[in-house]
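Below: the structure, in structure tokens.
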Amino acid sequence: MAASGSVSLVFPDGSERAYDAGTTGRAVAESISKSLAKKAVAIALDGELRDLADPVEDGTIEIVTRDDPRALELIRHDAAHVMAEAVQELWPGTQVTIGPVIENGFYYDFAKNEPFTPDDLPVIEKKMREIIKRNERFEKAVWPRDKAKKVFAEMGERYKVELVDAIPEGEDVKIYAQGQWFDLCRGPHMASTGQIGNAFKLTKVAGAYWRGDSDNEMLSRIYGTAWSTQEELDAYLHMIEEAEKRDHRRLGREMDLFHFQEEGPGTVFWHAKGWRIYQTVIAYMRRRLAGAYDEVNAPQVLVSDLWETSGHWGWYKENMFGVRSADPDVEDQRTFALKPMNCPGHVQIFKHGLKSYRDLPIRLAEFGVVHRYEPSGALHGLMRVRAFTQDDAHIFCTEDQLEAEILKINELMMSVYADFGFEKVEVKLATRPEKRVGTDAAWDHAEGILKASLERMVREDSRITAGINEGEGTFYGPKFEYTLKDAIGRDWQVGTTQVDFNLPERFGAFYIDSDSEKKQPVMVHRAICGSMERFLGIVLENHAGHLPLWLAPVQVVVATITSEADPYAEELAAALTRADLHVQTDLRNEKINYKVREHSVQKVPVILVCGRREADERTVSMRRLGSRDQTMLGFDEVVAALADEATPPDIKRARQSDGRAAA
């Protein structure tokens with residue numbers, strides 16, 4: 001216990017020291033060692049980052065150095081402030097608005113007569129390096145609200161005045177300064193601009209509405225990224241370059257898969273090739289569910305009363321589309337909704353007819369089209385849409401069956417992800433949010449089962465790593481979130497497994513137990529791909545459009561060198577079609593290199609080239625996408641090889657299993 005007028009600090013090694021009240025974090029670091037104080041950029045008091053200049057309080061303390069992962073947010077935050085100072089030095093009169101840290105970087109919005117262009121970014125970067133070299137200290141001051149408003153008004157910073165106006169009267173305002181430049185800021189910051197380093201880059205300019213409201217004026221936004229080391233920056237920039245090459249929207253255009261247009265915002269116009277991929281994935285998923293799930297289909301439009309009962313109307317209304325008759329004179333004037341989720345419909349199907357404990361588990365699956373409102377600025381190709389299909393399923397089971405069902409779901413998910421080329425998977429347990437339904441006892445029970453299941457999953461499958469998302473569960477129950485790592489190291493959250501004690505209770509769902517009493521089932525929501533549209537976008541980017549043969553919309557092009565080979569090429573294409581391959585012929589009077597280039601841009605996996613010699617010898621020259629090598633194969637040999645390669649992985653496994661059983 002610290003004496004009066006002192007504070008007691010507990011260090012990471014468990015040791016405890018007393019300091020005079022008012023001692024700063026910097027002084028604490030210096031009391032440990034001068035070298036540590038030089039490397040320090042902040043402190044963490046009871047886990048909360050604070051300025052080195054802040055006085056310490058009773059609690060646990062850590063000295064945060066620049067190489068600490070927690071310092072990365074500070075580096076980016078400080079870089080944003082330096083960027084804003086650089087802009088105002090270069091273009092006096094430009095107003096500064098807001099500049100937060102975001103994933104992998106930062107941005108700042110500016111009010112400027114002429115918007116920034118990409119050519120401005122190197123100029124700003126150069127000025128930023130000058131400011132960093134000055135190594136100005138970050139100094140925090142606390143101003144009365146009225147003073148802050150007066151100062152910013154005199155500077156002509158009307159956006160800052162508006163931000164100050166949003167602060168309740170009587171509250172003080174934090175100001176951070178570096179040299180002569182200052183801004184509103186909650187902090188914390190590192191000790192000086194020099195600690196930012198030079199591992200940063202400004203990446204792009206964009207327009208942005210003030211406060212994100214399209215009724216407000218357009219501002220000019222500059223994005224940047226900052227890292228601890230140059231190596232980390234280089235790796236990130238390489239990943240971004242790769243990501244641009246793999247952008248599914250670009251691939252969609254090149255491969256003629258889909259498009260979007262304003263008449264249907266956030267909804268996909270699937271072209272023939274894209275729809276073929278889509279249906280290939282749906283067929284694959286149906287095969288994976290056969291025998292274990294019953295596929296159902298619930299209505300697309302349901303009256304709002306049902307959504308009020310489920311809780312979605314109250315918890316999720318802002319994301320739902322209301323539906324009424326276009327004719328105001330029709331008899332039925334009730335409000336309906338396009339379903340944002342499939343679960344209430346599946347509960348109705350479960351409730352139809354009496355269920356016994358002997359019937360459980362009941363597994364209902366649906367490839368259900370759902371609609372969810374997303375702001376127009378959030379829409380992003382296939383990744384963020386307003387209408388999509390979920391590979392949804394709901395399992396109704398007893399509490400005793402719950403853990404076994406969760407493990408079965410995980411086994412299926414891991415197999416599916418591997419078939420699409422994803423081997424490393426992180427499974428995160430999302431726990432109870434602040435706003436939730438159900439008793440704490442029910443949440444304790446559900447979270448306990450998921451935690452035990454996750455521990456077992458990690459023990460039994462080396463591909464799985466575990467994580468926790470505190471407070472990120474749904475309002476009705478905890479869940480698993482499955483995150484895939486793609487070919488360039490990006491993480492994608494896809495599937496979920498959610499335990500729900502709430503919906504069955506709300507809808508009065510029950511089964512008859514062995515003691516002839518009514519009992520409420522446990523409901524498990526699960527999606528493997530999640531949004532089929534988003535999953536296909538992820539798959540396209542993971543493979544950079546070079547899809548495995550079983551997924552490719554056009555698997556083979558048979559191209560001729562001379563018209564004399566046309567009959568042979570058509571015979572070969574017909575044989576491949578009979579072997580269930582998607583084949584096109586290219587008999588145009590064009591040079592073969594031109595044909596190969598064109599089909600390569602469209603990411604056709606295999607091009608078979610036929611000339612006079614191949615026709616005479618009944619052979620073919622095979623070229624693979626991305627390779628200049630050619631392989632000569634016989635007619636029957638190439639058909640058999642490609643038919644085998646184009647067999648979906650689940651069918652291939654089943655055939656191999658049947659073969660072993662027959663042997």
Side-chain angles (χ1 to χ4, degrees), residues 285-286 288-299 302 306-307 309-312 315-316 339-368 370 390-413 430 436-439 441-450 452-453 473-480 482 495-530:
M285 290 302 305
R286 281 201 167 103
R288 298 307 310 270
L289 303 181
Y293 290 80
D294 293 315
E295 186 174 341
V296 297
N297 188 262
L302 291 164
L306 181 138
W307 299 106
T309 301
S310 72
H312 290 94
W315 292 88
Y316 203 72
K339 66 177 178 180
M341 297 175 184
N342 299 301
C343 34
H346 288 193
V347 178
Q348 307 314 305
I349 294 170
F350 173 84
K351 286 177 60 182
H352 196 77
L354 199 61
K355 303 296 188 297
S356 162
Y357 71 97
R358 295 187 181 90
D359 299 320
L360 272 53
I362 291 174
R363 307 182 188 99
L364 304 180
E366 179 177 1
F367 296 95
V370 297
Q390 282 187 311
D391 64 325
D392 217 354
H394 296 91
I395 296 98
F396 299 86
C397 64
T398 68
E399 289 193 21
D400 291 340
Q401 294 167 334
L402 179 57
E403 185 172 2
E405 289 301 308
I406 288 169
L407 294 172
K408 284 177 185 174
I409 291 169
N410 175 71
E411 184 180 357
L412 176 59
M413 283 185 166
R436 58 184 182 271
V437 296
T439 65
W443 278 88
D444 289 341
H445 182 62
E447 288 176 355
I449 290 174
L450 285 179
S453 300
T474 58
F475 70 88
Y476 53 75
K479 62 179 177 176
F480 283 156
Y482 284 73
T496 57
T497 301
Q498 306 176 20
V499 178
D500 185 355
F501 297 97
N502 174 58
L503 272 188
E505 179 181 8
R506 282 176 172 261
F507 283 112
F510 66 89
Y511 64 93
I512 304 301
D513 205 359
S514 57
D515 57 6
S516 299
E517 294 293 324
K518 291 181 180 180
K519 199 157 188 179
Q520 180 182 305
V522 179
M523 185 176 180
V524 181
H525 308 240
R526 80 102 186 95
I528 299 176
C529 300

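Keep in mind it's a predicted model, so treat the numbers as computed, not measured. What's counted below: heavy atoms across the whole structure, side chains too, no hydrogens, waters or symmetry copies.
At least one donor-acceptor pair closer than 3.5 Å links the side chain of R526 to the backbone N or O of D391. Between the side chain of Q520 and the backbone N or O of F501, at least one donor-acceptor pair lies under 3.5 Å. In this structure, Q401 contributes its side chain and L360 its backbone to a donor-acceptor pair below 3.5 Å. Put simply, the side chain of K355 gets close to the backbone of F350: a donor and an acceptor are under 3.5 Å apart. Between the side chain of E366 and the backbone N or O of A298, at least one donor-acceptor pair lies under 3.5 Å.
Atom CG of D294 sits in a sparse spot, with 12 or fewer heavy atoms from other residues, nucleotides or ligands closer than 6.0 Å.
In this structure, M413 and A527 approach most closely via the heavy-atom pair CE-O, 3.0 Å. Counting all heavy atoms, side chain and backbone alike, G508 lies closest to K351 at O-CE, 4.4 Å. Closest heavy-atom contact between E405 and P361: OE2-CG, 3.4 Å. Of all the heavy atoms in C529 and M285, the pair that sits closest is SG-SD, 4.1 Å. Taking every heavy atom of both residues into account, P340 and V370 meet most closely at O-CB, 3.4 Å.
Residues L402 and I406 are in side-chain contact: their nearest non-hydrogen atoms beyond the backbone lie under 4.5 Å apart. By the 4.5 Å heavy-atom criterion applied to side chains, L306 and F507 are counted as neighbours. Using a 4.5 Å heavy-atom threshold, the side chains of I512 and L354 count as touching. Between N410 and S453, the closest side-chain pair of non-hydrogen atoms is not below 4.5 Å. Between P344 and V347, the closest side-chain pair of non-hydrogen atoms is not below 4.5 Å. The shortest side-chain heavy-atom distance between D513 and T398 does not fall under the 4.5 Å cut-off. In this structure, the side chains of H346 and V296 come closer than 4.5 Å at one or more pairs of heavy atoms. Within the 4.5 Å cutoff, no side-chain heavy atoms of K519 are placed close to those of Y357.
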Might you work through the salt bridge (Lys or Arg N to Asp or Glu O under 4.0 Å) test for E411 and K408, ending with a clear yes or no? CA-CA 5 Å; E411 184 180 357; K408 284 177 185 174; over 6 Å; no

With side chain to side chain contact (heavy atoms under 4.5 Å, CB included) as the criterion, how do L450 and V499 come out once you've worked through the C-alpha distance, each side chain's angles and the decisive distance to 0.1 Å? CA-CA 9 Å; L450 285 179; V499 178; 4.0 Å; yes

So N342 and H394, side chain to side chain contact (heavy atoms under 4.5 Å, CB included) or not? Walk me through it. CA-CA 9 Å; N342 299 301; H394 296 91; 4.3 Å; yes

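Here the two rings, on H525 and Y476, have centers that are under 6.0 Å apart.
Rounding to the nearest 0.5 Å gives a distance of 10.5 Å between CG of D392 and CG of L364. Summarising the geometry, atom OH belonging to Y511 is positioned 8.5 Å from atom SG belonging to C397; distances are rounded to the nearest 0.5 Å. With rounding to the nearest 0.5 angstrom, the OG1 atom of T497 is 7.5 Å from the CD1 atom of I395. Atom CZ of R286 is separated from atom CZ of F367 by 5.5 Å, given to the nearest 0.5 angstrom. The structure places CG of L412 at 6.0 Å from OH of Y293, a figure rounded to the nearest 0.5 Å. Interatomic distance, Q498 CD to T474 OG1, rounded to the nearest 0.5 Å: 4.5 Å.
Ring pair H312/W307 is perpendicular by interplanar angle, where above 60° counts as perpendicular and below 30° as parallel.
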